[in-house]
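Ligands are counted one by one from 1 in listed order, and the atoms in each one are counted from 1 as well. Residue numbers run from 1 in the order of the sequence given.
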Amino acid sequence: MAIKVLGVVGTPVKGETNTEILCQAVLDGAKAQGDDVEVEIVCLAEMKIVAGCTHCNWCLEKQTAEKFCSQNDDITKSLYAKVVEADALVIATPVYIGRLSWLTAAFIDRLRALFEGRYYGIRGPLGGVLMDKVVTGASVAWIRHGGVETALMSLMQMAAILGLIYVTPGFSFGAGGVSAAPLGEYGAVGKDKFAMRNAHNTGARLVQVARIIRAGKEALRYTPAYVR
Ligand SMILES: Cc1cc2nc3c(=O)[nH]c(=O)nc-3n(C[C@H](O)[C@H](O)[C@H](O)COP(=O)(O)O)c2cc1C
């Protein structure tokens, strides 16, 4: 069975972006771990997204297998299903004022529907579809010390709250890089050699841990159960 890795790119900029390049490097590192690894990248900027979570609590009371969220947008129509299917997630964000971007935050907030929702959440019949998925972060700032680590740490905090398992390659909080270059030059993170190599290593480690979790679950015949 394939190991599925989903990259979600949270820059609001369309076209070639630094965040997508770094995310793709993580996915390349994942893919290099074997022919059974399937990767997919989704750019939130290309999707129709109504809003982040509006705390309407529809998902807590009315969520079904067919409908994840009350909002009728592309997260509900297609992205939730991809997250459910994935064994591993790469959440990639540009640094905005020393933290993750508003668009990345909107996506993360919408994951509440998969953590607490009536069907997909921890009290539902599946035991919580986010539990035991592995996740890592990728982040690009303009300058070194401009906020990559604080953005990555907010992704680690997200993992803690959502029951996800955050993976690092060791030595760093995940994949981080800088895009400092003459204004308007997109893709500059691709020239940050350390960033690209570390991103590759991050993707490799993500798949290694996903494999360990899958093997462990199979050996234990385990399905996640929320400890009440
Ligand atoms: C609103 C806003 C806030 C930003 N804040 C920071 C910051 O705090 N530190 C930094 O180094 N770069 C900052 N940047 C620059 C972006 O992080 C940087 O250009 C990044 O490479 C953009 O990624 P993208 O090409 O994927 O959109 C900011 C950019 C914007 C638009």
Side-chain angles (χ1 to χ4, degrees), residues 5-31 39-53 73-75 78-79 82-83 86 88-111 135-159 164 166-169 171-206:
V5 187
L6 175 68
V8 178
V9 177
T11 174
V13 178
K14 292 186 180 179
E16 187 191 38
T17 63
N18 292 284
T19 310
E20 182 177 358
I21 288 167
L22 193 66
C23 186
Q24 189 59 57
V26 178
L27 296 179
D28 290 347
K31 184 88 189 119
V39 300
E40 182 177 2
I41 194 162
V42 170
C43 294
L44 297 177
E46 309 291 341
M47 306 185 88
K48 182 178 154 259
I49 296 174
V50 173
C53 179
D73 65 3
D74 288 345
I75 293 183
S78 65
L79 189 48
K82 291 181 196 291
V83 173
L89 302 171
V90 182
I91 301 188
T93 182
V95 173
Y96 278 9
I97 319 297
R99 50 162 172 55
L100 42 68
S101 72
W102 61 269
L103 188 54
T104 309
F107 165 67
I108 288 170
D109 290 357
R110 293 282 293 279
L111 293 179
V135 62
T136 195
S139 181
V140 185
W142 175 248
I143 55 166
R144 229 164 272 288
H145 313 301
V148 162
E149 279 153 309
T150 40
L152 289 174
M153 285 180 76
S154 58
L155 294 171
M156 293 175 77
Q157 290 167 1
M158 166 214 70
L164 295 157
Y166 192 90
V167 174
T168 76
F171 290 112
S172 71
F173 292 104
V178 292
S179 62
L183 271 179
E185 186 184 334
Y186 269 94
V189 76
K191 296 177 188 160
D192 181 343
K193 284 191 186 152
F194 175 80
M196 298 304 280
R197 201 180 65 206
N198 195 48
H200 207 268
N201 293 345
T202 303
R205 184 67 188 143
L206 187 69

Worksheet item: Does CE belonging to M156 count more than 12 external heavy atoms closer than 6.0 Å?
Response: yes
Worksheet item: What pairs meet the side-chain hydrogen bond (donor to acceptor under 3.5 Å, both in side chains) rule with one or both residues in residues 193-205, with sequence neighbours excluded?
Response: S172-N198, R205-Q208
Taking distance alone, no hydrogens or angles, what donor-acceptor pairs closer than 3.5 Å link side-chain atoms of residues 43-50 to residues at least two apart or in another chain?
from : atom 1 : to  : atom 2 : distance (Å)
K48  : NZ     : N72 : O      : 3.3

Worksheet item: Contact residues of ligand 1 with a heavy-atom cut-off of under 4.0 Å?
Response: T11, V13, T17, N18, T19, P94, V95, Y96, I97, G98, V140, A141, W142, I143, G146, S179, Y186
Fill in: Residue pairs, two or more places apart or on separate chains, that pass salt bridge (charged side-chain N to carboxylate O under 4.0 Å, His left out) and touch residues 143-153
R144-D192
Response to the item:
Heavy atoms of Y166 and A159 approach each other most closely as CB-CB, 3.9 Å
Worksheet item: Hey, mind stepping through M158 and T104 against side chain to side chain contact (heavy atoms under 4.5 Å, CB included) and telling me if it holds?
Response: CA-CA 11 Å; M158 166 214 70; T104 309; over 6 Å; no
